[in-house]
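Every value quoted in this text rests on a predicted model; they were computed, and no experiment measured them. All chains are named by letter (A, B, ...) in the order of the sequence lines, taking the proteins before the strands, and each is independently numbered beginning at 1.
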There are 2 protein chains.
Amino acid sequence: MKRKITLKQIAKELDVSISTVSKSLRNSLEIGEETRLKVQAFAKFYNYKPNNIALSLKNRKTKSIGIIIPEIVHYFFSTVINGIEQVANEHGYSVVICLSDDSFDKEVLNMEMLANGSIDGFIMSLSKETQYKGDFHHITEVINQGMPVVMFDRVTNDILCDKVIIDDKAAAYEAVQSLINNGRKKIALVTTVDYVSVGKLRTDGYEKALLDNGIPFNEDLIIKIEDVDTCEITISELLHARAFDAVFAVNELFAVTIIKTASKMGLKVPEDLAVIAFTDGIISKYSTPSITTVSQSGEKMGNKAAKMLIERLEAEHDDDEDENENYTTEVIETHLIKRESTD
Amino acid sequence: MKRKITLKQIAKELDVSISTVSKSLRNSLEIGEETRLKVQAFAKFYNYKPNNIALSLKNRKTKSIGIIIPEIVHYFFSTVINGIEQVANEHGYSVVICLSDDSFDKEVLNMEMLANGSIDGFIMSLSKETQYKGDFHHITEVINQGMPVVMFDRVTNDILCDKVIIDDKAAAYEAVQSLINNGRKKIALVTTVDYVSVGKLRTDGYEKALLDNGIPFNEDLIIKIEDVDTCEITISELLHARAFDAVFAVNELFAVTIIKTASKMGLKVPEDLAVIAFTDGIISKYSTPSITTVSQSGEKMGNKAAKMLIERLEAEHDDDEDENENYTTEVIETHLIKRESTD
DNA sequence: TTGGTTTACGAAAACGTGGTAGTGTTGAAA
DNA sequence: TTTCAACACTACCACGTTTTCGTAAACCAA
């Protein structure tokens, strides 16, 4: 068990100074060839690699970016991480991931933990609780300390920073419009509680599509679900009443539950009930019938978010004092993936 | 944009020494109450938090653990991360995640990147390519440097370290046995290529179950799939031949594809074809029919792996020189979750 | 006053690195 | 012989923290 070797040890061993070793390894011309090669050979033999921590301390850069998301066992979020990691890796950054579990306190704690020098910048998606409370002081704080933050998907207008989102409203509009185009008139919306930013936007798009097509907006057809487990009961009641002939669900878990419930009741999908879901995930693809979805490329969002963050990190290097914060909000394209759950 | 405040700045501002500030903040008795309170008030006002990087350098502990896995958009692996994160968080550790993309080179690169001081220990699952090549020098190296490694799921006997696995062979045996108990005789095995350790073990269990029940082991019923996309074709050919009445698939993606293919051909699941899959994921739960699976709790594996690693990390603190490496291999329980795809 | 103890604080080293500035030796040009 | 430059290397500082050791001042007993 030999600990990793340091410059100091090499210096001692070769009886030169630490600076000589350092310079030799960086091929400085100051060092004579003989010494240089000797040092390099020795370093290679003992597999010397500079200590990242020491470098971080010295350079005030950790070359790692913090990701804070509500959960990781979640198709969309894991694709985003994947996208972030790709770009980060290309640029020599590592990613450190913290989960908020949709809890405000955990989000704050995690951010504080990472903000004390562990990372160079954040990429995050707000927890439900944070969106509910509307308390963003922890984010403002890190931004004030000069640490760049990029938010994605679940964002807030209350914070000025770079953002990566999809046009939730337009995407929802498109989905509902396609149901209408297929002759559906009684379209239900199955969504989450209001304070989740994306849920609200998708509802707006749903409403607008209806109104634009002269279909009255009916509050009774909006089903707000807090917990997936209660979804089935609520759904089956409404299905019994035959209150609707199409459903637009804000996520695929709701959608597949609806389809399963409908099937149990003998309803045919899509004949009796057409279903479209938001977020193209693995369930939609493998469900029977497979589900028409609004694609929302988490990977692209991750790519973009990472690019924005890294650009800002590398730029900071230059201007130092220059405080021209021209924050941008990037909108990632979505499109409808037609599958078996719609006609 | 005020940068984070440091001990030095506080010291300067209050006209005391750095040591005094440090001691005051740690409530040392050496410092007079007046000074102590003054410093604490000042620090609190400016929201002083010690710099993690500096602490890491000093303590030679980063309080973060590196996770290296083949992919993250994968139900099982994300549950493992979830499990690791829970325990890590409880103990004040962060997790930094690197993806190998099932590539040997990326695995090596990532490990080297993290091994240079960024983390205190590794939790990892081998990439396919690494298992194929059988080259583990990068792992041996970090272990030799005194960095603890815990492997899970895709492990190797060639490396001595702590491991967390399930009894793949026994679990496969149980699954196949249950098919046999239901009167199935022609049971196909749909698996991956051989070099993936778990694939091999599951095959062994399959074979043993057959032999123990006096059913001849038929090579033709073993379908090795390298790429999911080719799965459908291979499967449908065999189904046409009616070569089997039950399938044991080593993952749920294979299973759902098989079910979909069978359904298209007019075969009924489970009447005409019973299906059991390894790894209980989200697809199995929401597939129609839902799929009977061997549960393999990623979360528990993650919990256990993190516990083992952290225990070793905290223990190291004491013995320093003591090299009693009593590595253990923890076996996580599995059980069969019966759903609609079997009778 | 002297000697010793306590109180309250400061200086400095250490963790590992890398850059700037400095130092001493050699050889050659003035 | 002096001067200057090139060479080859070392000293030192900073990054932010903790900790060990040291010490000045104050206090108290003799």
Side-chain angles (χ1 to χ4, degrees), chain A residues 2-40 42-43 46-63 113 115-120 145-146 317 320, chain B residues 2-40 42-43 46-63 113 115-120 145-146 317 320:
Chain A
K2 41 173 190 190
R3 272 244 120 64
K4 273 196 102 52
I5 199 166
T6 67
L7 288 185
K8 194 193 280 189
Q9 286 161 27
I10 298 181
K12 194 174 174 188
E13 211 68 34
L14 295 182
D15 206 36
V16 292
S17 80
I18 297 179
S19 348
T20 304
V21 178
S22 173
K23 285 181 182 140
S24 297
L25 296 178
R26 344 206 98 249
N27 269 317
S28 163
L29 299 172
E30 288 185 60
I31 306 299
E33 186 165 2
E34 194 186 354
T35 315
R36 212 177 61 220
L37 294 179
K38 185 177 67 180
V39 171
Q40 288 179 355
F42 191 90
Y46 282 101
N47 193 26
Y48 169 80
K49 295 271 167 57
N51 180 305
N52 282 333
I53 297 291
L55 280 178
S56 296
L57 185 60
K58 184 156 212 324
N59 303 333
R60 274 116 146 258
K61 296 211 168 176
T62 62
K63 279 285 191 174
M113 174 159 98
N116 298 321
S118 304
I119 56 158
D120 294 341
Q145 280 167 15
H317 188 63
D320 267 334
Chain B
K2 37 170 192 190
R3 273 243 119 64
K4 272 195 105 50
I5 200 167
T6 68
L7 286 186
K8 193 192 281 191
Q9 286 161 29
I10 299 181
K12 194 174 173 187
E13 211 70 33
L14 296 182
D15 207 36
V16 293
S17 79
I18 297 180
S19 358
T20 304
V21 177
S22 175
K23 284 174 193 161
S24 297
L25 295 178
R26 345 204 94 253
N27 269 317
S28 163
L29 299 172
E30 286 183 64
I31 306 299
E33 187 165 3
E34 194 185 357
T35 316
R36 212 177 59 220
L37 295 179
K38 185 177 67 180
V39 171
Q40 288 180 353
F42 191 90
Y46 283 100
N47 192 27
Y48 170 80
K49 295 272 166 56
N51 180 306
N52 282 333
I53 297 292
L55 281 178
S56 295
L57 185 59
K58 182 121 216 343
N59 304 332
R60 271 114 145 258
K61 296 210 171 178
T62 62
K63 280 282 191 177
M113 175 158 96
N116 297 321
S118 305
I119 57 159
D120 295 341
Q145 281 166 16
H317 188 62
D320 268 334

Worksheet entry | Any residue meeting side chain to side chain donor-acceptor pair (under 3.5 Å) with A/Thr62, in chain and number order, not counting sequence neighbours | A/Ser64, A/Asp120
Just list the side-chain donor-acceptor pairs under 3.5 Å for residues 4-12 of chain B, sequence neighbours left out, or say none.
{"unit_1": "B/Thr6", "atom_1": "OG1", "unit_2": "B/Lys8", "atom_2": "N", "d": "3.4"}
{"unit_1": "B/Thr6", "atom_1": "OG1", "unit_2": "B/Gln9", "atom_2": "N", "d": "3.3"}

Practice prompt. Could you tell me the separation between the NZ atom of B/Lys61 and the C1' atom of D/dT18, rounded to a whole number of Å?
Written response: 15 Å
Worksheet item: Who passes side chain to side chain donor-acceptor pair (under 3.5 Å) against B/Ser118, sequence neighbours left out?
Response: A/Asn52
Worksheet item: Do A/Asn59 side-chain atoms and A/Lys61 backbone N/O form a donor-acceptor pair below 3.5 Å?
Response: no
What pairs of nitrogen or oxygen atoms, one from the protein and one from nucleotides 25-28 of chain C, lie under 3.5 Å apart?
none

Item to complete: Go through the structure and list residues passing side chain to side chain donor-acceptor pair (under 3.5 Å) with B/Ser17, not counting sequence neighbours.
Response: B/Ser19, B/Thr20
Worksheet item: Once you round it to whole Å, what is the distance between C1' of C/dT17 and CD of A/Gln9?
Response: 14 Å
Discussion item. Can you give me the bend angle of the helix from C/dT1-D/dA30 to C/dA30-D/dT1? Use the axis through the first five pairs and the one through the last five, nearest 10 degrees.
Written reply: 90°
Item to complete: Starting at atom CG of B/Leu25, determine the distance to atom P of D/dT17, rounded to an integer number of angstrom.
Response: 9 Å
Discussion item. Whole angstroms only, please: what is the CG-P distance between B/Leu14 and C/dG10?
Written reply: 11 Å
Worksheet item: Taking atom P of D/dT17 as reference, at what distance in whole Å does atom CD1 of B/Ile5 sit?
Response: 10 Å
Worksheet entry | A/Glu33: side chain to side chain contact (heavy atoms under 4.5 Å, CB included) partners, not counting sequence neighbours | A/Arg36, A/Leu37
Worksheet entry | d(NZ, A/Lys12; P, C/dG16) in whole Å | 12 Å
Worksheet entry | From B/Ile53, B/Asn116, B/Leu55, residue fulfilling side-chain contact (heavy atoms from CB on, under 4.5 Å) relative to A/Ile53 | B/Ile53
Worksheet, complete the sentence: A/Arg26 CZ to C/dT20 P, in whole Å, measures 12 Å
Practice prompt. Treat primed atoms plus P, OP1 and OP2 as sugar-phosphate and everything else as base, then score nucleotides 8-15 of chain D 5' to 3': B for base contact with protein heavy atoms under 4.0 Å, S for sugar-phosphate contact only, - for none.
Written response: BBBBB-BB
Worksheet item: So which of B/Leu14, B/Ile31, B/Val16 actually passes side-chain contact (heavy atoms from CB on, under 4.5 Å) with B/Ser24?
Response: B/Ile31
Worksheet item: Restricting to pairs with a member in residues 15-29 of chain A, which pass salt bridge (charged side-chain N to carboxylate O under 4.0 Å, His left out), not counting sequence neighbours?
Response: A/Lys23-A/Glu30
Worksheet item: Heavy atoms under 4.0 Å, any strand shown: does B/Leu7 hit a base, just sugar-phosphate, or nothing?
Response: base
Fill in: Residues forming a side chain to side chain donor-acceptor pair (under 3.5 Å) with A/Gln40, sequence neighbours excluded
A/Asn27
Response to the item:
Separation of C/dC15 atom C1' from B/Asn116 atom CG, nearest Å, is 16 Å
Fill in: Non-neighbouring partners of B/Tyr48 that pass ring-ring contact (aromatic ring centres under 6.0 Å, His included), sequence neighbours left out
none
